2 protein chains.
Amino acid sequence: MGGQKKNPELQKACPVRDVLDRLGDRWTVLVMSELQSGTLRFSEIRKRVMDISPRMLAQTLRNLEQDGLVKRDVYPTVPPKVEYTFTSLGESFYERVKAMIDWAADNHDAVRAARERYVAPEAHHAK
Amino acid sequence: MGGQKKNPELQKACPVRDVLDRLGDRWTVLVMSELQSGTLRFSEIRKRVMDISPRMLAQTLRNLEQDGLVKRDVYPTVPPKVEYTFTSLGESFYERVKAMIDWAADNHDAVRAARERYVAPEAHHAK
DNA sequence: CGGAATCCCCGTCGATACTG
DNA sequence: CAGTATCGACGGGGATTCCG
């Protein structure tokens, strides 16, 4: 996905983009769908999402925490233990996301079929 | 959003990513929310979305068309006229997207408030 | 264990210009 | 009008290394 500025002025004005942009990245949706099953530790999420790097998991979780969608609980034990849980805001958000995930699962075949059928419009001079 | 490969093998296996990735980009959601109001011409969408470049609009529309979410009708008149309309697949998809947009609008304040409250976790050695 | 810091690649997007 | 072509930059995110 492409770089480019993410104009903060525009974000202020646009609630949609502001919130939805988080779904743009590779991991947020995947992480949320694991968190759905309840409280999880950092390493547990890692195991479930499998090919996420610790760096990206940390970043994804911090974004979610920052937006008030996920709660982070630190237990100052040794070894350290950190748990992540949806807030109620997060749960209500995930409901909608879930609706989209389900749609994607249900209609994946239709979409893939459409992609296969698709032929590039030869400019407009359809010969 | 960032470059990096988009492993096609993984996409094949993952319906979620496959479909939802489209929402990651800057414009798809905006364009869809205009198309909601009915059939629109290329230039009409441009006027409504305002700061989208012709390049990005064309690309966004082609993606939607490719996925079978939007229908493209070309009238070989002069000057050319091209209309875009949701397919029924697209409409059913947009229903879910709309649910998220509405959530975003409703909870935008809560999210922004959470962001403002947020203080970076000073590593874990909470002094 | 749960991260943070650094390095670097490369896909996306934006701006600009051109065409049937 | 409805696009396409080319270019360059930005910044996401992977790999790796280190730390409390």
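Predicted model, so just to flag it, every value in this text is computed and none were measured. Because only heavy atoms are used, hydrogens play no part in the values below, and waters and symmetry mates are left out as well, while side chains stay in.
Nucleotide dT16(D) holds its P atom 17 Å from the CD1 atom of Ile52(A), rounded to whole Å. What separates CZ of Phe42(B) from P of dT19(C) is a distance of 18 Å, to the nearest Å. Between the P atom of dT12(C) and the CZ atom of Arg22(B) lies a distance of 10 Å, rounded to the nearest Å. Distance, Arg41(A) CZ to dG2(C) C1': 9 Å, rounded to whole Å. If you measure from atom CG of Asp21(B) to atom P of dG13(D), you get 10 Å, rounded to the nearest angstrom. Whole-Å rounding puts the Lys81(A) NZ to dG2(C) C1' distance at 14 Å. Rounded to whole Å, atom C1' of dC1(C) lies 16 Å from atom CG of Asp73(A).
Not counting sequence neighbours, Arg96(A) has no partner by the salt bridge (Lys or Arg N to Asp or Glu O under 4.0 Å) test. Among residues two or more places apart in sequence or in another chain, the salt bridge (Lys or Arg N to Asp or Glu O under 4.0 Å) test is passed with Glu95(A) by none. Under the rule for a salt bridge (Lys or Arg N to Asp or Glu O under 4.0 Å), Lys47(B) has no partner lying at least two apart in sequence or in another chain.
Summary of helix geometry: the two end axes of the helix from dC1(C)-dG20(D) to dG20(C)-dC1(D), each defined by five base pairs via their C1' atoms, are inclined to each other by 50° (rounded to 10°).
Of the candidates dG3(C), dA2(D), dG14(D), dG3(C) carries the atom nearest the Val82(A) side chain, counting heavy atoms from C-beta on. The side chain of Arg26(B) has dC13(C) as its nearest neighbour among dC1(D), dG2(C), dC13(C).
In this model, the phosphate group of dA15(D) is not approached by any side-chain N or O of Ser53(A) to a distance below 4.0 Å at OP1 or OP2. Of the side-chain N and O atoms in Trp27(B), none sit less than 4.0 angstrom from OP1 or OP2 of dT12(C). Taking only side-chain nitrogens and oxygens, Ser43(A) comes nearer than 4.0 Å to OP1 or OP2 of dG2(C).
Tyr94(B) is not listed as a side-chain neighbour of Val70(B), based on a closest heavy-atom distance of 4.5 Å or more. Here the side chains of Arg72(A) and Leu61(A) are not in contact, with every heavy-atom distance at 4.5 Å or above.
The distance from the CZ atom of Arg22(B) to the CG atom of Leu23(A) is 16.0 Å, given to the nearest 0.5 Å. Expressed to the nearest 0.5 Å, how far NZ of Lys71(B) lies from OG1 of Thr85(B) amounts to 4.5 Å. Taking CD1 of Ile45(B) as the start and CH2 of Trp27(B) as the end, the distance is 13.0 Å to the nearest 0.5 Å. Atom CG of residue Leu40(A) and atom CZ of residue Phe86(A) lie 10.0 Å apart, to the nearest 0.5 angstrom. Distance check, rounded to the nearest 0.5 Å: CG of Leu30(B) to CE of Met56(B) gives 11.5 Å. Rounding to the nearest 0.5 Å gives a distance of 15.0 Å between OH of Tyr84(B) and CE of Met32(B).
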What protein N or O atoms touch nucleotides 5-7 of chain D N or O atoms at under 3.5 angstrom, if any, and at what distances?
{"unit_1": "dT6(D)", "atom_1": "O4", "unit_2": "Arg55(B)", "atom_2": "NE", "d": "3.2"}

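Of the residues in residues 56-71 of chain A, those lying under 4.0 Å from DNA chain D by heavy-atom distance are Met56(A).
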side-chain hydrogen bond (donor to acceptor under 3.5 Å, both in side chains) between Asp25(B) and Thr28(B), worked out: CA-CA 6 Å; Asp25(B) 67 76; Thr28(B) 300; 2.7 Å; yes

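Note on Tyr75(A): nothing from the nucleic acid sits closer than 4.0 angstrom, heavy atoms only.
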